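Not measured: the values here are computed from a predicted model. So that the names make sense, note that chain A is the first sequence line, chain B the second, and so on, each numbered from 1.
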Amino acid sequence: MTATAPAPPVAQGDAPKPALLELRAIDVFYGRIQALRSVSLDVADGEIVALIGSNGAGKTTTLHTISGLIHPSRGEIYLRGQRINTLGAERIARLGVGHSPEGRRLFQRMTVRENLEMGAYARRDREGMRDDYERVYTLFPRLRERHSQLAGSLSGGEQQMVAIGRALMSAPSVLLLDEPSLGLAPVLVDVIFEVIREINAKGTTILLIEQNARLALKNANRAYVLETGSISLSGPAEELLNSPAVQRAYLGV
Amino acid sequence: MTDLAVRSPVALLRRVTQPARSMGRRVEGRSVYLILTLTAAGLVLLGWFLPWFVGPFTAGTGFSPQDVVSSAPTGFATVLVYVMGASALIVVLSPLAELVARLRKMTLGVRVDQVRAIAGAAGLVAAVLVYVLVGVIREEPAFGVLSSTTITNSAVWLTMYGFGVALFAYGAKGLVLTRPNLAFAIAALPFGALLPLMFHQAPDFLLWAASSLAIYTLLALGLNVVVGFAGLLDLGYAAFFAIGAYACASLSSPIHGIHLPLWVLIFLGAAIAAIFGALLGAPTLRLRGDYLAIVTLGFGEIIPDLATNNVFNLTGGPNGLPGIDQPKIGPVDFGTSPQWYYWSIVAVTLISVLLLRNLQRARVGRAWVALREDEVAAAATGINTTTTKLLAFAIGASVSGLAGAFYGSMLTAISPDAFQFQVSIAVLSIIVLGGIGNITGVILGSFVLTFVIFWALPHAHEWSATFAHNFNVSAVGNINFPQYTYIIYGAALILMMLLRPGGLLPSRARRIELQTGVESESLAAVQGRA
C-alpha cells in the first residue's frame, strides 16, 4: 500500500468524475427499526461531500455502514468499483476507507503517538508511515508538542486533531469525518476546517457529517440532506446553501 | 504535624501506599523499591525468628542467631552473629525510619542509602560465613549441636537472601527506579530458582511450592492475557485448567493404556486447552463486561460437572483419574524428588513470561489494548476484532493447559474437586492483587497470595502452637487459624481495593484509568445488538 498521490483539487462545476465511493439503495435496520431507507449517494475522487441532517436522521449510521461497522440488509456499496458492503470493517479499512468516528473514540490510555500508530495498524510500509507521521504533525503542530501525552488528557480540540490524524495515518483514499466540530470552541472549529480543506487539497477525498449545516455547506463541494433515514435533497453545496427549504429547516433563516 | 496522632492507621497506610500523582515508569519504580525494601526486612526478620516458630516441640526451641547472642557469647562466630544482628536492625528499622521521615516531610540524606547498602553487604557476608562455618567447622563452640539438616539451614538461607535484597535495593536504587521490571526480575529470579535448595529438608513444602506457587503463577499469567491485556472478564478460567489436566491425564495413565511423556503432554495440553478457549470465545464475541462474565461463569460450572458425571466415560466420575505417570529422566525420578517438578515448572513459566511479554509488545498486543480501550475505533482502524478476541481466549487458555499437564502428573491423580469455581476466583484474585495487565505485578501477586494465603495461614496454627509452647502463652496456641482463612483472605482483598485499587504493581493503563476514568462502548452497542 502506498500513500495516495496528490491529485489536483477539484473545482466546482467540473464534468462528473467516476465515483470513488458509491452507495446504491442502502437499507439498514437496528432490529426491527429501519434507520436508512434506500440511501444512494456517491463521492467522486477529490471531492468534499457533506451529509447534513438533524439528530437521528441516520448520518452516523450511514458512515458506520460505509466503514463496515454495520452491514446493510439491502443495497450495495462500491469503493473504486469494488463491492465492499459484505466485507468486515477491518478489510474495508485496509482498502482505503479512513473513519474518524463520532465522539472521536480515541484510545484514551494510549499516547498521541500510539494513537497515530494504531491508525497505521494495517500498514507495513515504514517509509510511507514515517512520511505520514510528519504530514499529520505538520497539519497539527499541536500534536507534535503533545506526542507523548495521553490522548485522554487532551482538550476536546486536540482530541479531534488526534482522531483526524489517526484516520489519516491509514493513508485513506476516502476520509469519513463524523461531526468534526462537535463540542469545539468556534476558534478551534475554524482551525479544524482549515485543515480539512488542506487535507482535501493534498488529494484525499472527504465525506463529512455535520449538524452545523452552514459550516458544512460552506466547506463542501456537494452535499446531501438526510431526513429520517432517506435522502431528501442533494446538489452542489452552494445551491443548497441558497435553497429556501434548507435555509428554513437547517440554517434557521 | 499535630493531626498525626488523630489520623487513623488506615489513612496513614493509604498515604504511604498511594502512587505518586505523576505518571510513567517512575511510579512503578517507587512501588518496586518499596516492595523490595519490605521484602528485605521481612526475609531478615523471618530468617532470624523462623527457628522459634517452626522448630519441632520435641527438639526444643531450635537454633536462632538470637540464641547465640543471649547465651554466653564467645569466639569468631559470635562476632559474626553480632554483625548480622546490627545489619538486621538497620535493614528492618530503616523502612520505618523512612516512613516517619516521609510523614514528617523530611528527606533522609543521600548517605542513608549507602549506609543501608553497606549493612546489607555486611549482613550478607556474615550470613554466608555463618553458613560456611555451620557446614565446615561444626565444632565451633558457639553453634552447639547445630547441623545443616535442621530448619536452621532454611533460616540462614532466608537471612542471606534478605540481606542480598537489601544490598540490591539500596545499592542499585537508581536501577530499581528506572528499570523496575528488570530490578524485580533480578531480585525474584534467584529466589524462585533456589527455593528447593533453601528448603531441601522439607519435601512436603517443595511439593506444595511446585503445585501452588508455580502452577498458580502460570494460571495467573494465562488469565492475565484474557482479562488484563484484552479486557475480557473471564470467571470460568478453571475450566481450561481442567480441560488441560484431564486431557493430559488421559494420555499418561493406565486408563486408556496410553503413556506419553510429560514433555509431549505439555504441548498437547496447551493445544487442546487453546482449542477449547477459541470454542468458548466464539459464541461470546458480542458480549462484554458483565454479560461475558456470566457466560464464562456458566462454562466454568459446566466443565467440572461434566467431569463429575463421567461424560463419554472419559473422566472417571467423581473419583477422577488415578495413577498418572510421573516422569523419569535418567537417574532423576520426579516422583521421589519433587524439586525437579518445581524447576521444570519454573522453566516453563519463565519461557511463558518471555513469550507473553513479546506478544504484549507485538502487533497483536497493541490490538488487544486497542480492543480494550475502544472496540469501535479498533475495528475502524483495521483490527480484526473477531480473530483478536479469539486469539486472546486461545492463548490465555493454552497457558492453563501447561499448568494442567504438570498438575496431574505431580499429584498422580486428579478429580473434579480441584477445578471448582474457587480456583477461578483465586486466580482472578492473584491478578487483581498483583496488578491487572502487568506481568511483573501478576508474578508478584501469585508469590504473595500463595505464600500468605495458601501456605502461611494453613501453617499459622502450628507456628502459633510452637510459639505458645516456647513462650508459655497458651492463648496464642488455641487460635484456630484455618477457620479464619477466608475471612483474612477476603479482608485482604477489600483492603487492597480500598488502598491500592490498581494492585501491588498497577499497569500503566490501569493507573491512568483510576485517575481519570475512561468509558467505552461495545461494537455490538453501535450495531444496535446489545
Side-chain angles (χ1 to χ4, degrees), chain A residues 1 28-33 35 60-61 63-71 88-111 114-124 148-153 162-163 166-167 169-172 176 178, chain B residues 21-25 228-229 231 285-286 360-389 391 436-438 502 506-530:
Chain A
M1 231 181 294
V28 170
F29 287 85
Y30 289 120
R32 290 168 59 187
I33 300 158
T60 295
T61 304
L63 288 205
H64 280 334
T65 312
I66 295 171
S67 61
L69 296 169
I70 307 171
H71 291 288
E90 75 284 351
R91 297 263 301 128
I92 294 174
R94 280 157 206 243
L95 285 173
V97 175
H99 188 171
S100 163
E102 186 187 24
R104 308 190 259 273
R105 291 191 166 270
L106 297 185
F107 303 120
Q108 309 244 357
R109 293 175 294 189
M110 292 187 189
T111 63
E114 285 165 342
N115 266 279
L116 297 182
E117 282 169 10
M118 287 313 298
Y121 181 81
R123 293 174 69 180
R124 303 252 182 207
S148 61
Q149 218 166 308
L150 291 167
S153 70
V162 179
R166 185 179 63 187
M169 281 308 297
S170 64
L176 312 179
D178 199 332
Chain B
R21 282 274 171 267
S22 67
M23 294 165 191
R25 299 205 80 103
F229 294 172
L285 283 172
R286 295 172 175 185
Q360 189 184 14
R361 290 170 182 178
R363 279 167 61 82
V364 62
R366 288 192 295 142
W368 283 332
V369 176
L371 204 64
R372 187 182 69 202
E373 294 286 298
D374 194 314
E375 212 180 329
V376 177
T381 51
I383 292 168
N384 188 333
T385 53
T386 309
T387 50
T388 307
K389 275 189 190 180
L391 206 61
I436 292 177
N438 185 356
S507 67
R508 194 192 64 156
R510 195 79 183 110
R511 212 162 46 230
I512 295 157
E513 180 186 42
L514 290 164
Q515 280 162 359
T516 59
V518 168
E519 54 184 85
S520 158
E521 192 182 356
S522 79
L523 184 55
V526 167
Q527 292 166 335
R529 296 183 305 180

Next on the checklist: Using a 6.0 Å distance limit plus a 45 degree cone around the ring axis, check whether Arg372(B) lies over the aromatic ring of Phe229(B).
Outcome noted: no

Checklist outcome for this item: Taken to the nearest 0.5 Å, the spacing of Glu373(B) CD from Leu371(B) CG works out to 10.0 Å

Item to check | Option that, when pairs with chain B are counted at under 4.5 Å, heavy atom only, ranks first among Arg124(A), His99(A), Met169(A) | outcome: Arg124(A)

Next on the checklist: Minimum heavy-atom separation for Phe107(A) and Thr381(B), please, with both atom names.
Outcome noted: CZ-OG1, 4.4 Å

Checklist entry - Non-hydrogen atoms of chain B under 4.5 Å away: do they reach the side chain of Glu102(A), the backbone, both or neither? => result neither

Checklist entry - Taking the side chain from Arg363(B) and the backbone from Tyr121(A), do they hold a donor-acceptor pair closer than 3.5 Å? => result yes

Next on the checklist: Need one label for Arg166(A): side chain, backbone, both or neither, based on atoms under 4.5 Å from any heavy atom in chain B.
Outcome noted: side chain

